[in-house]
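Input: a single structure, listed below in structure tokens.
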Amino acid sequence: MTETALASRAPDPLREPWSDLSRQREAATLGMWLFLMSEMLFFGALFMAFSFSRALDPAAFAEAARHAEIAYGAANTAVLVTSSLTITIAVRAANADRRRLAARLLAATALLGVAFLVIKGFEYRDDLRHHLFPGHDFALGENATQIFWAFYWAMTGIHAIHLTVGIAVVLRLFWLVRRSRISLASPQLEVTSLYWHLVDGFWIVLFPVLYVAVRA
């Protein structure tokens, strides 16, 4: 089926109570930015708590960070940056009325997100194997190294949850685009990309904070 035929099957993107598509898009984008700002405040509080704890015992944090698998972190950084590129191009393809290309790029974005979680799963497996989970059998002793690893598990775990939600949303959007159940003019594509970039941005901060800067 041609792109024109697929476009003709797609429903009208305009939804109540809006009478103008541009205003609907502005409202959807504003709502997403408000949500993203609330998420930034949440993660910002975590980063502040981490920085304060590190300032109290920088030597212990440096020692703990040396046991973090930087190769896994670097690989996942490359995966997520690539996924941000694919979803950005997907939005551009949708704006150019290229439905099939947009669908393929959304699928690639979701697959890259899954690849991130798989790599993170291998990293978690190694961390647990080396007893780097805070508790009675923690490998690095009873000092502030446990605090670093408590932050590590909490911050990367919360990020993984956000990414899992993002993957589910992107897969839903892929299905809607693929089946022509959504117009390419719908603001859902743009607001989904904003959320994905937020998740990517958090990891770009987490990687140097947990894997690189603390080692210095």
task = Please check if L171 and L176 belong to a single hydrophobic cluster, counting links between Ile, Leu, Val, Met, Phe, Trp and Tyr side chain heavy atoms closer than 4.5 Å.
result = yes

note = Taking every heavy atom of A74 against every heavy atom of F207, the minimum-distance pair comes out as N-CE1, 3.4 Å

request  = Would you name the heavy atoms of S193 and I87 that are closest together and state the gap between them?
outcome  = CA-CD1, 3.7 Å

task = Evaluate the criterion side-chain contact (heavy atoms from CB on, under 4.5 Å) for residue pair L132 and L128; output intermediate values, then yes/no.
result = CA-CA 6 Å; L132 293 174; L128 292 172; over 6 Å; no

ask   = Do K120 and Y72 have side-chain heavy atoms sitting under 4.5 Å apart?
value = no

request  = Please name the pair of heavy atoms, one in A115 and one in N76, separated by the smallest distance, quoted to 0.1 Å.
outcome  = O-OD1, 4.3 Å

query = To the nearest 0.5 Å, how far apart are OG1 in T192 and CG in L173?
reply = 5.0 Å

query = Are W203 and V199 close enough that some pair of their side-chain heavy atoms sits under 4.5 Å apart?
reply = no

query = So, T109 and W196: side-chain donor and acceptor under 3.5 Å apart, yes or no?
reply = no

key: Straight-line distance of L163 CG to L198 CG, nearest 0.5 Å   = 11.0 Å

request  = Flag the pair L46 / I158 as yes when at least one side-chain heavy-atom distance between them is below 4.5 Å, and no otherwise.
outcome  = yes

request  = Look at the side-chain heavy atoms of Ile, Leu, Val, Met, Phe, Trp and Tyr, link any pair under 4.5 Å apart, and say whether I167 and I204 land in one connected group.
outcome  = no

message = Minimum heavy-atom separation for H130 and A139, please, with both atom names.
response = O-CB, 3.3 Å

query = So, T145 versus H67: side-chain donor-acceptor pair below 3.5 Å or not?
reply = no

key: Linked, directly or transitively: F122 and L206 (ILVMFWY side chains, under 4.5 Å)   = yes

key: Point-to-point distance, once rounded to the nearest 0.5 Å, from CG of L80 to CG of L112   = 8.5 Å

Closest approach of V177 to R99 (non-hydrogen atoms, all atoms of both residues) = O-NH1, 3.0 Å

inquiry  = Is it the case that over 12 heavy atoms from other parts of the model lie below 6.0 angstrom from the CZ atom of F35?
reply    = yes

request  = Output the distance between atom CD1 (I147) and atom CZ (R54), rounded to the nearest 0.5 Å.
outcome  = 14.0 Å

query = Are any of the side-chain heavy atoms of R104 and R98 separated by less than 4.5 Å?
reply = no

Residue pair L189 / A94: nearest heavy atoms and the distance that separates them = CD2-CB, 3.4 Å

request  = To the nearest 0.5 Å, tell me how far F43 CZ sits from M155 CE.
outcome  = 8.0 Å

key: Check against ring pair (Phe, Tyr, Trp, His ring centres under 6.0 Å), F61 and F50   = CA-CA 10 Å; F61 267 54; F50 177 89; 5.4 Å; yes

request  = Using the rule that two of Ile, Leu, Val, Met, Phe, Trp, Tyr join whenever any of their side-chain heavy atoms come within less than 4.5 Å, decide whether L111 and V118 are in one cluster.
outcome  = no

query = Considering the options Y124, F148, F138, which one meets the ring-ring contact (aromatic ring centres under 6.0 Å, His included) requirement together with W153?
reply = Y124

Check against side-chain contact (heavy atoms from CB on, under 4.5 Å), Y211 and Y152 = CA-CA 10 Å; Y211 294 86; Y152 167 87; 3.6 Å; yes

Side chain to side chain, L34 and M37, heavy atoms closer than 4.5 Å = yes

message = As a quick check of understanding, evaluate side-chain contact (heavy atoms from CB on, under 4.5 Å) for Y195 and H162, giving each step before the final call.
response = CA-CA 9 Å; Y195 177 83; H162 280 74; 3.6 Å; yes

task = Tell me, with the steps shown, if W33 and V191 meet side-chain contact (heavy atoms from CB on, under 4.5 Å).
result = CA-CA 9 Å; W33 274 113; V191 297; over 6 Å; no

query = Cluster question for you: counting only ILVMFWY and a side-chain heavy-atom cut-off of under 4.5 Å, with indirect links fine, are V170 and I161 together?
reply = no

ask   = Taking atom CD1 of I119 and atom CZ of F116, what is their separation to the nearest 0.5 Å?
value = 8.0 Å

